[in-house]
> 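This is the structure I want to talk about, given as structure tokens.
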Amino acid sequence: MAPAATVAAMHMAGADEIFLLGGIQAVAAMAIGTETIKPVDMLVGPGNAFVAEAKRQLYGRVGIDLFAGPTETLVIADDTVDVEICATDLLGQAEHGPTSPAVLLTTSQKIAEGIEAEIQRQLAVLPTADIASIAWRDHGQVILCDTEEEMLQVADDIASEHVQVMTRDPRWFRDNMRNYGALFLGPETNVAYGDKVIGTNHTLPTKKAARYTGGLWVGKFIKTCTWQEVKPEASAMIGEYCSRLCAIENFAGHKEQADIRVRRYGGKNAA
């Protein structure tokens with residue numbers, strides 16, 4: 001049965017073509033093309049491990065947004081929040097899959113010491129506990145720091161995909177933190193809101209890729225093309241520099257490209 005709400009949303013957003021496909025076969029069809037589907041130039045969006053691997057193998061034949069791994073969440077908390085909301089937000093993302101890291105970073109010893117019992121209490125009633133419990137057992141962490149500055153340093157090193165900041169001044173982290181996929185500021189804001197309703201794109205860097213890239217945004221669809229035009233006098237001048245550099249690198253053909261212009265536009269041989 002067609003996902004009516006999704007199709008309606010795509011139509012209202014202006015989609016030109018809609019195909020009801022999924023999995024690696026859909027990725028292949030879009031990248032390579034079929035009798036009824038024209039090949040695309042770029043593949044974007046999240047998927048499971050098989051979809052991510054398909055995108056990796058097709059990269060180069062088509063463009064992609066980024067290589068995405070398991071969902072990651074980092075909760076940064078101080079004593080202005082309680083252990084219940086911290087555990088809820090950790091498990092809310094741990095249910096994505098058994099390899100999803102869920103990390104608590106806190107200056108509150110009370111929260112650090114109480115989080116495990118609260119996690120277990122919530123797992124006892126969470127319908128997705130079979131997945132979330134494994135993620136927490138194998139990839140969960142609790143890191144107790146002395147200061148906010150230390151939490152900032154640790155958070156930038158972790159470079160998590162999702163970072164929830166529940167502290168007295170969450171905007172301090174916004175202004176000072178550098179490595180993250182997306183920030184969620186204050187206890188009123190959570191990753192599920194970003195997943196579902198508040199509008200920011202949720203295809204984000206994982207596995208420390210936030211050190212060098214942000215998530216999917218309109219700029220990913222914009223090419224940067226360059227062009228050059230050099231006047232005769234300038235061609236003669238920079239040709240001399242180019243000629244010398246080419247000689248150092250033993251590129252004779254490159255050197256001659258410069259030398260011929262020095263001769264024609266400068267009236268002399270290249271240095």
> Count the heavy atoms of every other residue, nucleotide or ligand shown that sit under 6.0 Å from CZ of F19, and state whether that count exceeds 12.
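Correct, the count exceeds 12.
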> Examine M30 and V51 and state if one hydrophobic cluster contains both, with Ile, Leu, Val, Met, Phe, Trp and Tyr joined whenever side-chain heavy atoms are less than 4.5 Å apart.
yes
> If only atom types and distance count, is the side chain of Q25 paired as donor or acceptor with the main-chain N or O of G22 below 3.5 Å?
yes
> Are V154 and I115 linked, directly or through intermediate hydrophobic residues, by side-chain heavy-atom contacts shorter than 4.5 Å (ILVMFWY only)?
no
> Got more than 12 heavy atoms from elsewhere within 6.0 Å of CG, D175?
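Yes, CG of D175 has more than 12 neighbouring heavy atoms, counting only those of other groups under 6.0 Å.
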> What pairs meet the ring-ring contact (aromatic ring centres under 6.0 Å, His included) rule with one or both residues in residues 129-177, with sequence neighbours excluded?
H162-H202
> Let's go through E149 and Q153 carefully: what are the C-alpha distance in whole Å and the side-chain angles of both, what is the deciding distance for side-chain hydrogen bond (donor to acceptor under 3.5 Å, both in side chains) to 0.1 Å, and is it a yes or a no?
CA-CA 6 Å; E149 288 75 15; Q153 181 181 357; over 6 Å; no
> Of all the heavy-atom pairs spanning P3 and L20, show the shortest one and how long it is.
CD-CD2, 3.9 Å
> For a quick test of reading the model, state the closest non-hydrogen atom pair linking K55 to L43 and the distance between them.
CE-O, 4.2 Å
> For the OH atom on Y265, are there more than 12 heavy atoms of other groups (residues, nucleotides or ligands in this structure) within a distance under 6.0 Å?
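Not more than 12 within 6.0 Å, no.
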> Hey, does the side chain of S160 reach the backbone of V163 with a donor-acceptor pair shorter than 3.5 angstrom?
no
> Does E72 form a salt bridge (Lys or Arg N to Asp or Glu O under 4.0 Å) with K208? I'd like the steps, not just the answer.
CA-CA 10 Å; E72 304 166 348; K208 288 185 179 288; over 6 Å; no
> Any link between V191 and M166 through a network of hydrophobic side chains (Ile, Leu, Val, Met, Phe, Trp, Tyr) touching at under 4.5 Å?
no
> So which heavy atom on L204 is nearest to which on N201, and how close?
CD2-O, 3.8 Å
> Tabulate below the donor-acceptor pairs under 3.5 Å that side-chain atoms of residues 5-15 make, not counting sequence neighbours, or state none.
none

> So, S133 side chain and A129 main chain: donor-acceptor pair closer than 3.5 Å or not?
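Yes, because the side chain of S133 sits within donor-acceptor range (under 3.5 Å) of the backbone of A129.
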> Please test S100 against Q93 for side-chain hydrogen bond (donor to acceptor under 3.5 Å, both in side chains), starting from the C-alpha separation and ending with a verdict.
CA-CA 8 Å; S100 289; Q93 294 303 301; over 6 Å; no
> Tell me every residue that passes salt bridge (charged side-chain N to carboxylate O under 4.0 Å, His left out) with D78, counting only those two or more places apart in sequence or in another chain.
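D78: salt bridge (charged side-chain N to carboxylate O under 4.0 Å, His left out) contacts with R168.
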> Hydrophobic clusters here meaning ILVMFWY residues chained together by side-chain heavy-atom distances under 4.5 Å, can you tell me if L123 and I111 are in one?
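Same cluster.
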> Would you find more than 12 non-hydrogen atoms of other residues, nucleotides or ligands less than 6.0 Å from L58 atom CG?
yes
> Would you say the side-chain atoms of D82 pair up with the backbone N or O of I85, donor to acceptor, closer than 3.5 Å?
yes
> For R171, does the CZ atom sit with more than 12 other heavy atoms under 6.0 Å from it, leaving out its own atoms?
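It does not: R171 CZ has 12 such atoms or fewer within range.
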> Around atom OH of Y193, are there more than 12 heavy atoms of other residues, nucleotides or ligands at under 6.0 Å?
no
> When you group the ILVMFWY residues by side-chain heavy-atom contacts below 4.5 Å and let the links chain together, are L152 and I158 in the same group?
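In one cluster with I158: L152, yes.
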